[in-house]
Amino acid sequence: MRRGRSALGDRIFAGLARTAGLLILVVLAGVFVFLLIQGLPGLSVDPKEYGQGFDTFWEYVGPLLFGTIFISLLALIIAVPFAVAVALFISHYAPRKLAVPVAYVIDLLAAVPSVVFGLWGGRALSQALKPVINWLGDYLNWIPLFKGPASPNGQTALTAALVLGVMILPIITAISREVFAQTPRLNEEAAIGLGATRWEVIRLAVFPHAKSGVIAGIMLGLGRALGETMAVTMVYSSSPKYMLNIIGDTSPQTIAANIANNYAEASIDKQHVLIAAGLVLFAFTFLVNFIARWAIGRGERKFAR
Amino acid sequence: MTAVLAPSTLAKPRLPRWAPFMVAVAAIAIGGLLGLLLSWGWVAMLIVAGLIYVFGLPAWSRVLEGPRTAADRLMTNVVWGAFVVVCVPLLWLLIMVIQKGAPHITGHFLTTSMRGVFGSMEGGILHAIQGTVVVTVAATIISVPIGLMTAVYLIEYGRGSRLAKVITFLVDVMTGIPSIVAGLFALALLVMFFGPAFRAGIGGAIALALLMTPTVVRSAEEMLRLVPSDLREASYALGVPKWRTIVKVVMPTAIGGIVTGVVLAISRVIGETAPLLVTAGYNDSMNGNLFSGRMTTLPVFIFNQYKTPGATGLGTNAGDPPGYARAWAAALVLIVIVMILNLIARIIGKIFAPKTGR
Amino acid sequence: MKITMRRAVVPGVAALALAASLAACGDSNNDAATGDSTDSGSSLSGTLAGGGSSAQGAAQQAWMAAFQQQNTGVTITYDPIGSGDGRKSFESGAFAFAGSDAFIANPSDEYTAAKKQCGADPIEVPSYISPIAVVFNLQGVDSLNLDAKTIANIFNGTIKKWNDPAIASQNDGVNLPDTAIHTVHRSDDSGTTQNFTEYLSKAGEGAWKDEASQTWPSTDGLSGNGTSGVVTAIKGGQGTIGYADASQAGGMGVVSIKVGDSYNAPSADGAAAVVANSDLDASATDSQLIYDVNRTDDADGAYPLILVSYLLACPTYDDANTAAMVKGYLSYVVSQDGQKAGADAAGSAPLNSDTSDKAAAIVDKIAGK
C-alpha cells in the first residue's frame, strides 16, 4: 500500500538527513581535533623555531596575541561610532530614496575582498596619511599611542587599523541597521506622542531595544578583524613586539600576519608552531563569537513576548 | 518615519529656516580663512569647516531653542556628518580601483594567462579566472548538499535532540574559524596524505568548503525555520509523507532564501586569499585539474603581483614596475564578479520570496 | 518536484558546464598564449615546482617564459619566497629545485638535510649575478658617494642624520637636509641580506659588528617583506635608505660605493669583474660551483657589493621525468642563451662562457634514480 512505500521513503530521507548531520559533526570535530594534534607539539619545540630569542611558545605567541587584539581594538574604536551612526542614518534619518541605495552600497562593500583593501591601504592610504602621521608625531607625542618618531612612508599600524576599520564597518552597519529597523513602532510612536525630539526617540525607544543586537554586530566585526590576514600584511611590515606606538617605523605583528609570512617554511616543527598560534587565534575568536551569541540571547529573552 | 519626526512649530522659539545655511557659510568662511592664514591644505580646511558646522549650529540652537532641541540638532549633524565621512574611504577605494584598473582591462588581458609573460608584457588573468571558478564550484559542490541536508535534519528531524544541539554548537564554533587556520588545516591534511610538496586546487576547495559550510547551514536553517508550520501541518493533514512534505512544500518555500544565502557565502569565499595561497600556490599557466598542480585564483594573483611586481631600470626616473597595474585591473575584475554575485543573490531572493505579505 | 528540480538543476548544470569548459580550455590556451612558438619537437612534459630567492624573480620569469615556449608541455612554477625558505623547501622535498642567494654552508645542519634529501651532495651552480644597489629616497638627490664604513654606520644607527659630516665630506656640493635617516631592511630571511651584511663586515673596516647572516640583526627601523617590500617602503617616504637587488630598485636615488680610490655605481660589468676575480669556496665539491666573493676587490670599475645567486638541485631524482625537466631547465638557465635572456630582463651580469660551460657540465649529470 501507499503507506509502506512512503514509510520507506521517509526512512531513507530521514536517514540521509541524519547522515548529513553526523557527517558535519564528524568533520567539524575532526578538523578541531586534527588541528589540536598538529598544534600541540608546537608548544614544546626547539626554541630556535620561535625566532627572535623567544624561549617558550607563550613568549612567542604573547606579543602576537597582543598585536592582534590591539590592532583589532583600534579598528573597532574607529569603526563602531561611524557604523552605528550610519546605521541610524539609514534607518531613521535619511529620506527613503537615499536610504535604500546607501544600504545597498554598504552591503556591497561588505563583500569587497580583503586583498583589494590591502592593495588600497598599501598603495594609497599610507601615502595620504603621511601628513596626518607627521602631525600626530609632532603635536600629540605625549600620548603613548603617538610617541613616534613618525614613520616616513605611512606604513604603520595606524594605517592598518584604519583599513581594518573600513573593512568591518559594513558588517556592523548591516546588523545594527536591521536591529534599529525592528524597533517596535508602538514604542517609537509613544515617545513621539509624549513630545520627544527625534534624538530622544532614538535614545529612549530604539537604543534600549537594540543594545544587544548592536553588541552582537560589534562582536562579529571584531571577529572578522581578528582573523584578517591580507589587509594587515599588505599595509605594513611588522615584527612580534609589545608596543603601543602606532605611528612609528615598526609596528606590532598579528597572529594571522605571522602565519602568512612564515607558512612557506617547510620545517615540520615550525608548521606545528604556526598551527598552535592559529589555534590560539581561533580560541580567541570563538570566545568573541560566544559573547556575541550570549548577548543576542539575552536581548531576545528580555524582549520576548 | 522622517515625516512623523519633523520638528513641531508650537509655541517654542525656533531658529530661522535659513539658520543652517548661514552657519554653513560661516563655517566655510572661517575654515577657509584659517586655512589661508595658517597655510593648510584643502582637506584640513574642509575638516575644520565641517567641525564648525556640526558643533556651531547646535551651539546657536542651544542658546535660542533650549538644550533638548540643541541635542537633537547635534545628533542630526553628527549622523549626517558620519555618513559623509564614511563615504570618503569607500568611494575613494572604488574610484581608485576603477581608475587604476580599467585602462588595463583589454580583451587580451581577459583571455590569456601569464604563461610566457615577463618584463612589461601586458599579461592576462584567464588562468586566475579559471582557477577561481573551478575552486569555488568545487567548494560549493562539497559544502552545499551536506550543509542543506544538515539544516533539514536540524529543523525537521532532530529539533531539540542532543545531536542537534552538538551540531549547532560545532557549527557556531566553526563560523569563527580564521581563514588562514582553515588554510593551514587543508595544507596539513594534504601534506599528511601526499607529502610536503603537494599543492593543488583541491586543497583550496577543501579550505573554502570549510569556511562556507557553517554559513550555508546557518542560513538554510534560518530559512527553513521561517517556513510557517501551518504549511507543514496542512501537508501532513492531506496524508503526504514527511519526506515529500519537506521536498515539495518546505524547500520550495524556503528555496529563495537558501539560494540567496548560498550565493552570499560564495561571494564571501571567492575573495579569500590566505587559504588559497597556502594550499594551491601560484601558477603562471592555465590549469584546470583540481587534483594536480598549482592553481591560481584571482585574489592570489593580485597578492602575487603586489609582492613581485617585476623589474625596473635603475635610477630616479624609472617608472612603476608592471605588476601593480595588473593587480589593480585584476582587483576591478574581482570586485565586478563579487558585485554581480550579490546582485544575483538579491534578485533571486526577491523572485522566490514567499508571498507572506511581510 | 519537477519545478523545484528544474529551478535547482538548470542553474546548477549551467554552472557546472561553465566550470567544465573553463577547466578544459587549459591546455589549448597554454599553447595559444605562447604566440608563434617554435615547435622544437620537445618531448618534455609535466609540472616542475621551484622557488626561493626573490632577487632572481625577474630573471626567473624570463627563463620560465622562454623554456615553456620551447617546451610547451612543461609548466614551471617559481615561488619567490626568499632564499631561506626556498632552501628549506628544497631540503624537505617540496621544491625540485631552489634559487638561493647564498650557497648552503658546508658543514651545517642545512647541508646535512640537503644531502639527506638528495641522497648525495647537492648540485649548486651560479645562475644570476647581480649588483645589490643601496638605494635611497631624498628629494632632489639622485646619487650619493659613500664608502663601506659610512654605509655600515648608517645601517647600524651610528649616523642618524643626512647632513652628518661623514656623508657630507664625501659629497661636495650636494644639498643634504637636516632630517633623520630611516633605514629599511628585509623582514624575511634573505640572501640579499646575507650578501649585504657580508660586504659590510668584510669591507666596513670594523664598523659592522654583527656576523653576516640572512636575518637582519635588529628589529629597529623600517622593514619590508621581500625585495618589493623593501622597495615599496623606501619609495613610500622621504629620507629612507635601504638595500635591494638592482633589477628591482628603480625609481630611487642610487649610492656609488667606494672601490679603491673611486666611487662606482652598480653595474653588471662591475659585478662580473668581481666574480672573475673571486675564487671558488673551499668547501666546493665537484658538483658545486660556489664562490667566495672578493668583497674587498679594488680593481677599476669593480662593484663588489653583489649577490651571486645559485640554483640548487639534486644529482638524482626518484622520478625520471622530474630529473629530465630539472636537467632541461637548468641547462637552459646556465647556457649563454639563457644568461642573455636573464640579463636582458633583469639587468644582471651574464655568466661568462667559461663558467657557463663548467655549470652546464655539472647539470648534464642530473638523472633519474
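Atoms considered below: every heavy atom in the structure, side chains included; atoms not considered: hydrogens, waters and symmetry mates. Quick note on labels: first sequence line is chain A, next is B, and so on, each numbered from 1.
- Across all non-hydrogen atoms, the minimal contact from N71(C) to R115(B) is O-NH2, 3.8 Å.
- Listed options A66(C), A58(C), S247(C), P80(C) were ranked by heavy-atom pairs under 4.5 angstrom with chain B; first place goes to S247(C).
- In this structure, chain B has no heavy atom under 4.5 Å from any part of D245(C).
- A distance of 6.5 Å separates CD in Q61(C) from CE in M114(B), rounded to the nearest 0.5 Å.
- Here the closest non-hydrogen pair linking K307(B) and N225(C) is NZ-OD1, 2.6 Å.
- Between the CZ atom in R199(B) and the OG1 atom in T47(C) there is a gap of 14.0 Å [rounded to 0.5 Å].
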Please test N283(B) against T75(C) for side chain to side chain contact (heavy atoms under 4.5 Å, CB included), starting from the C-alpha separation and ending with a verdict. CA-CA 8 Å; N283(B) 192 337; T75(C) 302; 3.5 Å; yes

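- Atom CG of N175(C) has 12 or fewer heavy atoms from other residues, nucleotides or ligands within 6.0 Å.
- Here the CE atom belonging to M295(B) is positioned 13.5 Å from the OG1 atom belonging to T77(C), to the nearest 0.5 angstrom.
- The candidate from G57(C), G347(C), A246(C), A346(C) with the greatest count of non-hydrogen atom pairs under 4.5 Å with chain B is A246(C).
- When all heavy atoms of Y324(B) and T232(C) are compared, the closest pair comes out as OH-OG1, 3.3 Å.
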